[in-house]
Amino acid sequence: MEGGGEALFLDGVGEVTVAVGDDGLSFQPLHQEVSSSCWSSIIMQPKLESKLKFSDVYAVELLEVGPVCEPWNARATVQGKINTEMNRFVIHTVTRPRKRPSPWVPCEYIFGHKDQQTCKTWVEHIKTCINKEQDRPKSLMVFVHPLCGKGRGCKNWETVAPLFERAKVKTKVIVTQRAGHAYDTLASLSDKDLKKFDGVIAVGGDGLFNEILNGLLSTRHTNSYPPTPEGFGYFRNNMKCQEHRNNDLSNSELTGDDANAISGSSNTPDDHEPLLSTTRSTGLDISSSDSSDEPCNGDQVPLVSFPNNWFRLGIIPSGSTDAIVLSTTGERDPVTSALLIILGRRISLDIAQVVRWKGSPSAEVSPTVRYAASFAGESEKYRWMGPARYDFSGTMVFLKHRSYEAKVAFLENGNTHSLTASAENNANGVQTLQYHQNRHRKTICRTNCLICKGTSTSEQNSEDENPDSSRTACETPKWVWSKGRFLSVGAAVISCRNERAPDGLVADAHLSDGFLHLLLIRDCPLPFYLWHLTQFTKKGSDPLSFKFVEHHKTQAFTFISSHDESVWNLDGELLQACEVSVQAFRGLVNLFASGPEKMENTAPRLRNAEAWVASILPPERAGM
């Protein structure tokens with residue numbers, strides 16, 4: 001079977017010679033007069049290729065005796081030789097249109113032979129070859145959000161479930177029934193039971209993914225609290241989260257919005273997405289008490305901890321914007337995501353650890369640990385609205401144009417081009433930021449990104465990627481303060497692309513470089529703010545180039561506000577907090593994905609918005 005090949009009949013093509021190589025199958029038509037039309041004669045499925053890679057094959061199975069179609073032509077029709085009955089087997093693989101980006105499409109290659117044993121031998125040999133493929137999951141836990149994305153969760157799972165069944169991937173499916181259902185299940189699951197699975201899949205939006213992420217990490221990730229600047233107080237760098245788990249809000253008095261946050265239901269008509277949502281959360285306040293059957297005492301290492309190399313998370317997109325999926329795969333397509341999971345594709349993903357020190361200025365210090373995969377930022381409260389809430393909430397935030405006093409301290413990246421700080425240090429050794437920025441050329445994160453792999457950026461050769469020395473962390477970073485009135489404060493962990501913002505919040509954010517992109521929107525005239533917002537809808541624009549926008553690439557920052565209504569949006573789930581510290585953990589989790597490719601511009605544009613803004617501004621300010 002190796003090497004020279006064997007003659008088989010390929011449905012829609014005719015008799016071919018099939019050869020087995022180290023990485024796949026190749027086949028050529030035996031009759032050259034057929035070859036000119038055979039590959040284009042396939043109907044109702046994508047065009048077949050002449051080579052199959054085992055890495056793209058997800059199943060092979062025997063079929064009943066049936067017809068194998070020869071290529072269509074007028075002579076065959078006259079002679080009645082269109083179909084031939086024989087023993088058959090089918091290879092299930094994936095194909096993609098040449099245009100990128102494009103979804104992955106399941107494709108079938110049906111082969112036939114007169115001898116049944118020959119078909120069985122081929123099936124067993126191909127199974128052996130694809131079983132050698134590394135990282136393919138055997139067993140998965142699946143959480144389905146039944147109400148997300150106008151009820152698409154259950155429908156999308158019904159669409160992709162046959163693919164998992166065909167690939168012999170076992171799935172334990174749980175349809176969420178209440179707020180925190182996925183979180184409670186994973187946080188209380190013993191490590192012994194968790195190790196029965198190769199990963200957890202969210203059939204929903206970014207909000208459900210965030211719940212799963214927190215359920216896994218709340219009891220299985222023990223690390224220092226984020227670093228804080230001198231003079232901030234509370235807990236310093238050497239204080240461990242594990243030492244203060246009992247101080248979590250689940251064990252303290254709850255009032256107002258905090259109590260409402262815990263008692264609400266996450267099965268609202270739609271999930272949150274971090275880029276466009278400013279809605280009120282009814283998400284679960286995460287308790288960090290250890291509920292594992294194998295508790296970690298002293299220096300004992302838990303059976304399951306993060307990061308690790310074997311456990312992965314996945315998303316079948318069913319939410320309203322699905323920013324995480326679009327940022328990590330480039331496709332908002334349930335079938336594409338399912339195939340990436342089945343074939344065991346893998347990328348590492350940075351995670352932001354968010355510590356809420358105080359819920360309000362008058363509250364006592366009670367650290368609460370949460371995690372976010374895409375976005376963490378100060379937000380508004382419109383959780384109760386349905387699918388139209390994104391347009392409504394964005395309009396309301398814009399019309400209110402409400403700013404607030406705040407202080408933000410961030411760790412300066414030694415080689416960053418995004419800011420210029422004053423040379424004078426204060427008594428605590430913390431610098432004060434000058435109101436000036438220098439923009440640098442963008443290095444976009446793509447499939448097989450060398451920055452995310454830790455390879456020198458000088459090795460990257462791409463038409464839209466340029467070396468950027470700012471990707472190296474400073475060995476002795478300094479704290480820099482930024483103070484004043486802000487319209488918005490937030491940090492993007494990844495680009496946060498979606499269909500309304502094709503480049504996302506930060507076009508050059510990487511999936512696994514260990515940095516956050518801190519965005520500080522200072523108080524500014526309303527027309528300028530509108531002009532800034534319209535840039536997100538345009539591919540290739542630079543919404544962060546305005547003078548009132550500060551963009552800092554950092555590993556950690558601390559936010560302090562004195563107003564009582566400060567609510568932080570974490571992947572769409574909201575947390576009331578007036579004092580917050582955030583740090584990035586590089587590659588803390590692994591994702592079933594392959595990395596983003598170039599996106600086509602599918603975003604609706606706000607037509608003539610720039611012309612309108614320019615028309616109402618004085619000429620000397622129109623270029624601000």
Side-chain angles (χ1 to χ4, degrees), residues 213 223-229 237 274-275 307 323-324 327-328 347-355 371-377 408-421 433 437-446 449-458 460 465-480 482 489-497 503-520 544 549-559 570-571 580-591 595-596:
L213 179 71
N223 208 296
S224 300
Y225 282 134
T228 56
N237 300 13
L275 179 57
I324 296 176
S327 298
T328 56
I347 59 171
S348 295
L349 190 66
D350 289 344
I351 298 296
Q353 180 199 56
V354 181
V355 176
Y371 296 90
S374 62
F375 180 79
V408 180
F410 59 91
L411 280 176
E412 179 184 4
N413 178 28
N415 296 318
T416 186
H417 300 296
S418 64
L419 60 90
T420 301
L433 180 74
Q437 296 187 69
N438 296 318
R439 304 302 297 165
H440 63 278
R441 302 194 71 177
K442 297 178 181 179
T443 305
I444 307 300
C445 187
R446 301 298 188 198
C449 176
L450 299 180
I451 290 177
C452 293
K453 291 181 177 181
T455 308
S456 172
T457 57
S458 62
Q460 294 197 117
E465 296 186 0
N466 299 283
D468 181 3
S469 61
S470 70
R471 298 296 159 183
T472 304
C474 181
E475 292 183 0
T476 57
K478 300 177 181 179
W479 284 100
V480 179
S482 185
V489 174
V493 187
I494 57 179
S495 63
C496 297
R497 295 185 181 98
D503 290 334
L505 275 175
V506 182
D508 55 341
H510 284 256
L511 299 177
S512 185
D513 65 348
F515 287 101
L516 304 167
H517 288 259
L518 178 62
L519 304 179
L520 309 178
L544 308 181
V549 178
E550 296 180 20
H551 172 206
H552 311 293
K553 189 166 69 69
T554 182
Q555 292 174 300
F557 70 92
T558 292
F559 167 89
L570 311 178
D571 295 344
V580 172
S581 293
V582 184
Q583 69 175 322
F585 284 95
R586 183 171 188 173
L588 183 57
V589 299
N590 293 312
L591 204 65

(message) Going by the rule side chain to side chain donor-acceptor pair (under 3.5 Å), which residues pair with S327 if we only count those two or more places apart in sequence or in a different chain?
(response) S495
(message) Closer than 3.5 angstrom, by distance alone: can the side chain of D350 be matched with the main-chain N or O of I494 as a donor-acceptor pair?
(response) no
(message) Within the 4.5 Å heavy-atom criterion, are Q555 and F515 side-chain neighbours or not?
(response) yes
(message) What's the separation between atom CG in D513 and atom SG in C445, rounded to the nearest 0.5 Å?
(response) 8.0 Å
(message) Quick check for you: to the nearest 0.5 Å, what is the distance between L588 atom CG and Y371 atom OH?
(response) 7.0 Å
(request) Return yes if some donor-acceptor pair links the side-chain N/O of D571 with the main-chain N/O of F375 below 3.5 Å, else return no. (result) yes
(request) Determine the minimum heavy-atom distance between L511 and G595, stating which atoms define it. (result) CD1-CA, 4.4 Å
(message) Restricting to side chain to side chain donor-acceptor pair (under 3.5 Å), what partner residues turn up for T554, sequence neighbours left out?
(response) none
(message) Once rounded to the nearest 0.5 Å, what's the spacing between atom CD1 of I351 and atom CZ of R586?
(response) 14.0 Å
(request) Hey, could you give me the CG/CZ distance between L516 and F585, rounded to the nearest 0.5 Å? (result) 10.5 Å
(request) Kindly compute the distance separating OG (S512) from CD1 (I451), expressed to the nearest 0.5 Å. (result) 11.0 Å
(message) Tell me the closest heavy-atom pair linking P227 and T558, and the distance in Å.
(response) O-OG1, 4.1 Å
(request) Check V493 against A373 and note the closest heavy-atom contact, atom names and distance. (result) CB-O, 3.5 Å
(request) Check L505 against L544 and note the closest heavy-atom contact, atom names and distance. (result) O-CD1, 4.0 Å
(request) Could you check L518, V580, V480 and say which one makes a side-chain contact (heavy atoms from CB on, under 4.5 Å) with V408? (result) L518
(request) Specify the closest pair of heavy atoms between A409 and P229, including all atoms of both residues, with the distance to one decimal. (result) CB-CG, 3.7 Å
(message) For I444 versus R497, what's the shortest heavy-atom pair and its separation?
(response) CG2-NH2, 3.7 Å
(message) Using modelled atom types and a 3.5 Å cut-off, is there a donor and acceptor pairing between side-chain atoms of H510 and backbone atoms of T443?
(response) yes
(request) Return yes if some donor-acceptor pair links the side-chain N/O of Q583 with the main-chain N/O of S224 below 3.5 Å, else return no. (result) yes
(message) Which residues pass the ring-ring contact (aromatic ring centres under 6.0 Å, His included) test with F557, not counting sequence neighbours?
(response) none
(message) Is the shortest side-chain heavy-atom distance between K553 and V506 below 4.5 Å?
(response) no
